[in-house]
Peer 1: 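One structure coming up, written as structure tokens, with questions to follow.
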Protein chains: 2
Amino acid sequence: MVSIKDVAEKAGVSDQTVSRVVHNDAKVDPRTRKRVERAIAKLGYVPNRAARMVRTNRSGVVALVTNSVSTTPFSTDIVRGVRDAIEATPYSLLTITTGSEPERRARCWKTVKEHRCDAVIFVTMYHRQVEEAELDPAVPTVLVNCSLENDRPVPAIVPDDYQGSYDAAALAFEHGHSRIGYVRLNQTILAARLREAGVRDLMRAKELMPREDWFVEGLVGKVFEDRYVAYENAMKILSLEDRPTVMLCGNDELALQVFSAAQTLGLRVPQDLSIVGFDDFQVISDVIRPGLTTMALPYYEMGQRAVRDVVKLIEKQPVETVRTAVPCVPVLRQSLQRLNRV
Amino acid sequence: MVSIKDVAEKAGVSDQTVSRVVHNDAKVDPRTRKRVERAIAKLGYVPNRAARMVRTNRSGVVALVTNSVSTTPFSTDIVRGVRDAIEATPYSLLTITTGSEPERRARCWKTVKEHRCDAVIFVTMYHRQVEEAELDPAVPTVLVNCSLENDRPVPAIVPDDYQGSYDAAALAFEHGHSRIGYVRLNQTILAARLREAGVRDLMRAKELMPREDWFVEGLVGKVFEDRYVAYENAMKILSLEDRPTVMLCGNDELALQVFSAAQTLGLRVPQDLSIVGFDDFQVISDVIRPGLTTMALPYYEMGQRAVRDVVKLIEKQPVETVRTAVPCVPVLRQSLQRLNRV
DNA sequence: ATGAAAGCGCTAACAC
DNA sequence: GTGTTAGCGCTTTCAT
């Protein structure tokens with residue numbers, strides 16, 4: 001590999017001058033600069049980050065730490081947001097996978113430190129609380145899709161599940177629906193509780209009594225080992241003479257199962273049944289016909305924002321809010337039908 | 001940050017001895033070793049990779065280069081396979097996004113060189129040929145989901161789209177179907193051509209005449225800016241008096257659109273129409289009811305294999321095959337129904 | 001089995 | 001504007 005000294009020799013200057021040119025230091029004679037630049041181009045010189053780092057003690061590397069147990073589709077969007085945003089910065093992204101076992105966690109943070117990462121973006125696969133033990137207080141960290149219930153102020157970027165779900169229910173109500181069914185996510189996760197609470201609170205605000213037999217499980221079992229039961233449960237509800245006019249769903253996959261149940265029963269969507277999803281997971285919501293009305297979670301934007309915050313953190317600028325709840329926005333397609341009030 | 005010298009001082013040895021302990025060098029007195037290890041633990045010393053690298057000229061970093069223009073769901077699985085496999089190696093993963101513009105490509109490879117990455121795993125979002133210009137001959141590279149039509153032997157790991165599609169068609173045939181419709185992917189991509197060829201060749205082998213009016217587009221427009229038209233086209237075919245008994249689809253999203261068309265027309269799946277997808281994109285195939293019969297592409301395994309090959313490449317071991325086509329395996333669910341031959 | 005010395009590629013501090 | 005010197009944290013080589 002060609003080093004700074006090779007360039008210096010070729011250009012007939014000292015290595016220091018080459019360094020100055022590389023760093024766009026003002027105090028370099030334009031003619032010298034030209035010569036050096038030509039030598040760099042000719043030799044194909046690329047600065048060695050490691051060597052630079054040994055001196056400056058800053059790596060220019062941000063670690064993206066995620067828990068890979070899962071395949072949740074949307075976490076991809078967070079990662080995409082991070083990757084696209086990091087490109088516009090001088091930082092590089094080191095991707096590290098962790099797990100729930102203490103041994104793997106330790107390895108993860110050891111890697112972070114070996115590389116002397118300037119900061120960490122810690123992404124969880126579903127919206128939840130993290131424990132202090134999952135993090136390392138010595139490394140500046142931004143949390144995405146999770147937060148730390150604690151004194152230590154770690155910036156966290158989370159989706160506003162409650163607001164999103166409340167708004168989804170409000171949307172259905174404004175479309176004339178008061179017979180509302182709900183398929184919930186795996187109850188053990190935070191997002192599930194927030195989303196269901198949003199629906200219930202909207203109904204309370206509108207003085208609608210929730211029909212408990214229309215509120216059903218969509219998933220059962222341990223998180224990440226769970227099984228879909230939305231289809232079977234939707235079949236039960238939709239077979240009733242006395243059935244809801246709209247089914248709100250904890251996410252778009254559950255909505256797809258409800259959709260399938262309607263298909264099996266010969267109910268037309270949205271004429272006979274309206275369906276509202278959650279997540280705007282486009283591979284489903286935008287492909288299915290009729291298109292699925294759903295709440296978009298700004299995962300991509302959350303990833304971008306994490307990069308912004310992490311850069312601020314590294315550069316010791318203040319990061320505005322410790323916990324940022326990013327709002328969800330409705331995406332109207334055709335699966336929610338306006339109902340003429342009876 | 002605590003350095004090797006701090007540890008040496010604390011343990012009352014030379015930094016050299018600490019280095020030996022860290023590297024598990026045999027020739028160190030067990031008692032000295034103990035003392036050093038205690039000092040390491042007490043001070044929380046973690047070796048500085050950059051410093052090590054400056055000396056050894058090997059970074060221990062593999063770059064994962066992907067083109068982020070897209071959101072194709074399965075590419076996630078490749079990346080997951082890579083990440084999970086890299087964990088079992090001593091290498092770290094640097095994630096870099098490139099693009100089609102020459103300027104971004106150049107930046108990408110510059111980053112690879114700045115970090116002195118030991119090798120690159122180059123992943124494309126859809127199965128295609130890459131050009132020499134997209135790569136850098138100076139860096140050991142393994143291609144995933146793409147190959148280089150060229151003399152230079154760059155190891156490539158690609159899915160066997162042709163075999164998969166041939167087998168999918170054979171599966172339908174064995175289930176008694178001879179009235180076969182097909183929804184193709186965007187024709188401009190390689191995978192689309194291979195998949196369609198598989199179906200046609202199976203039909204030829206079985207002496208079935210393809211009905212050209214049953215072979216339709218599923219997507220139109222430029223790749224990544226394309227629009228789904230599978231629903232509309234399936235509506236046309238399925239409205240015919242004279243319609244196919246099975247629809248083979250270029251991927252699972254297209255299958256979902258065909259499924260939606262059947263729903264709209266009141267056709268039951270699989271009693272009135274069988275559907276076969278491609279990719280085993282589980283968020284669709286495993287969620288929809290009836291479950292989608294489809295061909296699984298071993299994206300995760302391709303990612304894992306890429307890591308194996310890249311490690312061999314780095315360690316100068318021979319990499320068996322230059323171009324590896326990984327076979328697709330059928331996943332039988334309920335959307336394909338056995339037909340009693342008429 | 002351990003240490004001393006040199007040097008990897010680069011930058012910070014200072015001198016000219 | 002440019003060069004010189006020193007040193008970042010580590011490994012390699014050689015000596016003991």
Side-chain angles (χ1 to χ4, degrees), chain A residues 1-40 43-61 90 92 110-118, chain B residues 1-40 43-61 90 92 110-118:
Chain A
M1 260 290 158
V2 24
S3 86
I4 201 168
K5 281 193 189 126
D6 302 321
V7 177
E9 189 174 350
K10 176 118 188 161
V13 296
S14 79
D15 45 359
Q16 188 46 232
T17 301
V18 177
S19 176
R20 281 196 260 263
V21 170
V22 169
H23 286 267
N24 273 317
D25 251 28
K27 299 153 208 158
V28 152
D29 187 291
R31 294 209 311 272
T32 318
R33 177 180 297 268
K34 218 71 297 105
R35 247 184 321 135
V36 172
E37 276 165 354
R38 240 196 298 276
I40 288 177
L43 297 175
Y45 167 69
V46 179
N48 184 330
R49 280 208 190 215
R52 176 179 302 171
M53 190 211 138
V54 172
R55 275 275 31 192
T56 61
N57 214 26
R58 297 179 69 258
S59 64
V61 172
S92 298
K110 177 147 191 241
T111 305
V112 168
K113 286 175 170 169
E114 280 182 2
H115 286 278
R116 301 294 191 267
C117 295
D118 295 332
Chain B
M1 261 289 158
V2 23
S3 87
I4 201 168
K5 282 193 189 126
D6 302 320
V7 178
E9 190 174 349
K10 177 121 190 157
V13 295
S14 78
D15 45 359
Q16 189 42 231
T17 303
V18 177
S19 177
R20 281 196 261 262
V21 170
V22 168
H23 287 266
N24 272 317
D25 253 28
K27 300 155 206 156
V28 92
D29 187 292
R31 292 209 314 271
T32 317
R33 179 180 297 268
K34 261 263 135 40
R35 244 180 326 131
V36 172
E37 276 166 354
R38 240 196 298 276
I40 288 176
L43 297 175
Y45 168 70
V46 179
N48 184 329
R49 281 207 190 216
R52 175 178 303 173
M53 189 212 138
V54 172
R55 278 265 41 187
T56 61
N57 214 26
R58 295 180 68 258
S59 64
V61 172
S92 297
K110 179 150 188 238
T111 305
V112 168
K113 287 176 169 168
E114 280 182 1
H115 286 277
R116 301 296 191 265
C117 294
D118 295 332

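Just so we're on the same page: letters track the sequence lines, and every chain starts at 1. We use all heavy atoms of the structure for the numbers below, so side chains are in, but hydrogens, waters and symmetry mates are not.
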Peer 1: Send over the distance from A:Lys27 NZ to C:dC14 P, rounded to a whole Å.
Peer 2: 13 Å
Peer 1: Which sits closer to the 5' end of DNA chain C, B:Thr17 or B:Val54, going by the nucleotide each is nearest to?
Peer 2: B:Thr17
Peer 1: If I take atom CG in residue A:Asn48 and atom C1' in nucleotide D:dC8, what distance separates them, rounded to the nearest angstrom?
Peer 2: 13 Å
Peer 1: Measure across A:Val2 and A:Val7 and return the closest heavy-atom pair with its distance rounded to 0.1 Å.
Peer 2: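 Closest approach of A:Val2 to A:Val7: CG2-CG2, 4.3 Å.
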Peer 1: Between protein and nucleic acid, restricted to nucleotides 11-14 of chain D and to nitrogen or oxygen atoms under 3.5 Å apart, what atom pairs and distances do you find?
Peer 2:
from	atom 1	to	atom 2	distance (Å)
D:dT11	OP1	B:His23	NE2	2.5
D:dT11	OP1	B:Arg52	NE	2.8
D:dT11	OP2	B:Ser19	OG	2.8
D:dT11	O2	B:Arg55	NH1	2.7
D:dT12	O4	B:Gln16	NE2	2.3

Peer 1: Within this structure, what is the CG-to-C1' distance between A:Asn57 and D:dG7, rounded to whole angstrom?
Peer 2: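 For the pair A:Asn57 CG and D:dG7 C1', the rounded distance is 13 Å.
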Peer 1: Can you name the closest pair of heavy atoms from B:Thr111 and A:Ser92 and give their distance?
Peer 2: CG2-OG, 3.7 Å
Peer 1: Starting at CZ of A:Arg58 and ending at P of D:dC8, how long is that distance when rounded to a whole Å?
Peer 2: 19 Å
Peer 1: Does the side chain to side chain contact (heavy atoms under 4.5 Å, CB included) test come out yes or no for A:Arg35 and A:Arg31, once each step is laid out?
Peer 2: CA-CA 6 Å; A:Arg35 247 184 321 135; A:Arg31 294 209 311 272; 6.0 Å; no
Peer 1: Out of D:dC8, C:dC8, D:dG3, which has the shortest distance to the side chain of A:Lys5?
Peer 2: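 Nearest to the side-chain atoms of A:Lys5, counting from C-beta on, is C:dC8.
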Peer 1: For a quick test of reading the model, state the closest non-hydrogen atom pair linking B:Lys27 to B:Arg20 and the distance between them.
Peer 2: O-CD, 4.3 Å
Peer 1: From CZ of A:Arg116 over to C1' of D:dC8, roughly how many Å is that when rounded to an integer?
Peer 2: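 In whole Å, D:dC8 C1' and A:Arg116 CZ are 12 Å from each other.
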Peer 1: Nearest whole Å is fine: how far is C:dA12 P from A:Met53 CE?
Peer 2: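 Atom CE in A:Met53 sits about 14 Å away from atom P in C:dA12.
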Peer 1: For the pair made of CD in B:Glu9 and C1' in C:dG3, what is the distance, rounded to whole Å?
Peer 2: 16 Å
Peer 1: For A:Glu114, check salt bridge (Lys or Arg N to Asp or Glu O under 4.0 Å) against everything at least two apart and list the hits.
Peer 2: A:Lys110, B:Arg49
Peer 1: In chain order, what residues pass the side chain to side chain contact (heavy atoms under 4.5 Å, CB included) check against B:Lys5, with sequence neighbours excluded?
Peer 2: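 B:Ser3, B:Asp15.
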Peer 1: Taking all heavy atoms of B:His115 and all of A:Val61, pick out the closest pair and write down the distance.
Peer 2: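 Of all heavy-atom pairs spanning B:His115 and A:Val61, the closest is CE1-CG2, 3.7 Å.
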Peer 1: Nearest nucleotide by nearest heavy atom, which residue falls closer to the 5' end of DNA chain C, B:Pro30 or A:Ala50?
Peer 2: B:Pro30
Peer 1: Could you check how far NE2 of B:His115 sits from P of C:dC10, rounded to whole Å?
Peer 2: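 Value for this atom pair: 14 Å.
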